[in-house]
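A quick write-up on the structure given underneath.
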Amino acid sequence: MRHVPGPPSKLPGVGTTIFTVMSGLAAEHGAINLSQGFPDFSPPARLIELVAAHMRAGLNQYAPMAGLPALRAAIADKVLDLYGRRVDAGSEVTVTPGATEALFCAVQAVVHRGEEVILFEPAYDSYEPAVQLAGGVAVRVPLRRPRFDVDWDRVRDALTPRTRLIIVNTPHNPSGAVFARADLEALAGLLRGTRVLVLGDEVYEHMVFGGAAHHSVLTHEELAARGMVVSSFGKTYHATGWKVGYCIAPVGLTQEFRKIHQFVQFSVATPMQAALADFLVEAPEHHRQLAGFYQTKRDYFCRLLEQTRFRCTPSPGTYFQLADYSALSDLPDVEFARHLTIRYGVAAIPVSAFSSGARVERLVRFCFAKDDVTLDAAGERLKQA
Ligand SMILES: Cc1ncc(COP(=O)(O)O)c(C=O)c1O
């Protein structure tokens, strides 16, 4: 076949994501995959039954563009219950195919050519390509080591008249850091009197440990008024492959959001939505108990790491644990992660993959959303490293 050169790339700096690369390498080498963030256990059996029941009952055609009304109502009720905010299920909640599409649509909806978007580094990898495709400019503010908290003075310095959006991710992937109430106050203080909007990526909202609260953007009057908040049922119900999430935003922002969403995806798998709507009402204890469930797993995994030469501070949130490998190797983290996969049979994500610069990190991210037998087997292998 004749080689036809491709068009100039719209994302010249983007290759295959590190998650795909590491999962592929793990499969190739028969490694235990603690790299990509997904559980190796099933969603609740009842939730699966509900999906099947709705399929059998005939819910197999397009859902409404903004989501099934019953699911949007259940989301609005949950938001009122957890964050004390009354959102309108009809005009302020949109069901999306996972958080990824919601983040993409949110950025496309509000960022115009040449406008700046502040994000914190290390950052989840979908943010910057979304900004670039909108014609915007990503302005990266590094999180402070070792706690990965925000230096609000640096955010003040990064704000310009061209700033349109700031993306905040709490609990934070990859570090597990969580916002304190004071962070919301600092953010609100900086944005007062500006036109800057807030995009809250809160997909790990139910995974905050040590009895601490999740300080959602939705809990803050001023931030909620300029905020789009995104979450993911994939994370909450051990069902990342279903790709169902949502975006909550005030009416005017939701209208712009839906203009994009209706042409990117239009609507989300109907039987999954119906089942999630039922399950949210039937089993609210599932999300209420999730922090305890994952804290037990985190503690279990950290005890296994204590028997290795990795060093870690237990993660305050998410289902990720960072580990310092400087006692094991001088390799840069990308090479170390490959070496760990190929030589010792455990796959992890190098933290520098979440950053743009040449910053030297001796940190890898493990996902502990795994059955204890998987974690045990990984622990045994990591002891050899
Ligand atoms: C911070 C963060 N945002 C968004 C997503 C995407 O969520 P979803 O699978 O619902 O698209 C992930 C998934 O790993 C994530 O870690």
Side-chain angles (χ1 to χ4, degrees), residues 17-23 33-40 43 67 71 75 93-108 117 119-131 138 140 143 148 150 165-179 198-208 214 216-217 227-248 257 260-261 264-265 268-269 272-273 276 287 290 294 315-322 347-351 353-355 365-370:
T17 76
I18 188 71
F19 308 107
T20 305
V21 170
M22 291 312 300
S23 284
N33 190 0
L34 303 190
S35 63
Q36 209 174 348
F38 59 82
D40 70 349
L71 181 55
I75 293 167
V93 180
T94 309
V95 180
T96 62
T100 310
E101 194 250 16
L103 292 164
F104 183 80
C105 293
V107 171
Q108 305 314 311
V117 178
L119 32 113
F120 295 101
E121 187 161 279
Y124 185 61
D125 66 343
S126 81
Y127 304 156
E128 182 153 355
V131 172
R140 289 170 167 263
L143 293 170
F148 291 87
V150 178
L165 182 69
I166 177 163
I167 305 181
V168 294
N169 171 212
T170 180
H172 178 250
N173 177 8
S175 71
V178 299
F179 268 21
V198 176
L199 175 53
D201 179 347
E202 303 186 3
V203 300
Y204 302 104
E205 62 183 320
H206 303 299
M207 301 170 206
V208 177
H214 165 57
S216 171
V217 164
M228 298 172 282
V229 173
V230 167
S231 192
S232 169
F233 291 118
K235 309 290 176 189
T236 303
Y237 294 108
H238 321 315
T240 58
W242 293 9
K243 295 297 284 187
V244 187
Y246 56 90
C247 176
I248 296 177
F257 178 90
I260 310 284
H261 163 74
V264 174
Q265 173 76 10
V268 176
M272 268 76 173
Q273 290 197 59
L276 286 163
H287 64 256
L290 202 64
Y294 273 119
S315 191
T318 73
Y319 50 42
F320 301 117
Q321 179 62 55
L322 292 187
I349 298 286
V351 166
F354 295 81
S355 299
R365 188 201 76 177
F366 292 111
C367 172
F368 56 77
K370 308 291 169 188

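Counting starts at 1 for both ligands and their atoms, following the listed order. The shown structure was predicted, so the numbers you read here are calculated from the model rather than taken from an experiment.
- Looking only at heavy atoms of the protein, atom 14 (O) of ligand 1 is closest to Lys235 NZ, 2.7 Å.
- For Gln273 (side chain) and Val268 (main-chain N/O), a donor-acceptor pair under 3.5 Å exists by modelled atom type.
- Interface atoms of ligand 1 facing Asn173, defined by a heavy-atom separation under 4.0 Å, are 1 (C), 15 (C), 16 (O).
- Residues Glu202 and Ser216 bring a donor and an acceptor atom of their side chains to less than 3.5 Å of each other.
- Checked by atom type, the side-chain pair Glu205/Ser231 shows a donor-acceptor distance below 3.5 Å.
- Of the possible donor and acceptor atoms, one in the side chain of Ser315 sits under 3.5 Å from a partner among the backbone N and O of Phe320.
- At least one N/O-N/O distance between Thr100 and ligand 1 falls below 3.5 Å.
- Interface atoms of ligand 1 facing Ser232, defined by a heavy-atom separation under 4.0 Å, are 8 (P), 10 (O).
- Here the heavy atom of the protein found nearest to atom 3 (N) of ligand 1 is Asp201 OD2, 2.6 Å.
- Residue contact check for ligand 1: Thr240 places no non-hydrogen atom closer than 4.0 Å to it.
- Checking only distances, Tyr204 does come within under 3.5 Å of ligand 1, N or O to N or O.
- Contact annotation: for Val230 versus ligand 1, there are no heavy atoms closer than 4.0 Å.
- Note: Asp201 CG to His172 NE2 = 9.0 Å, rounded to the nearest 0.5 Å.
- Between the side chains of Asn173 and Thr318, no donor-acceptor pair is found at a separation under 3.5 Å.
- Applying the 4.0 Å criterion to heavy atoms of Lys243 picks out, from ligand 1, the atoms 8 (P), 9 (O), 11 (O).
- Annotation: Tyr294 is in aromatic contact with Tyr319 [ring centroid separation under 6.0 Å].
- In this comparison of Ala99, Gly98, Gly234, the heavy atom closest to atom 7 (O) of ligand 1 sits on Ala99.
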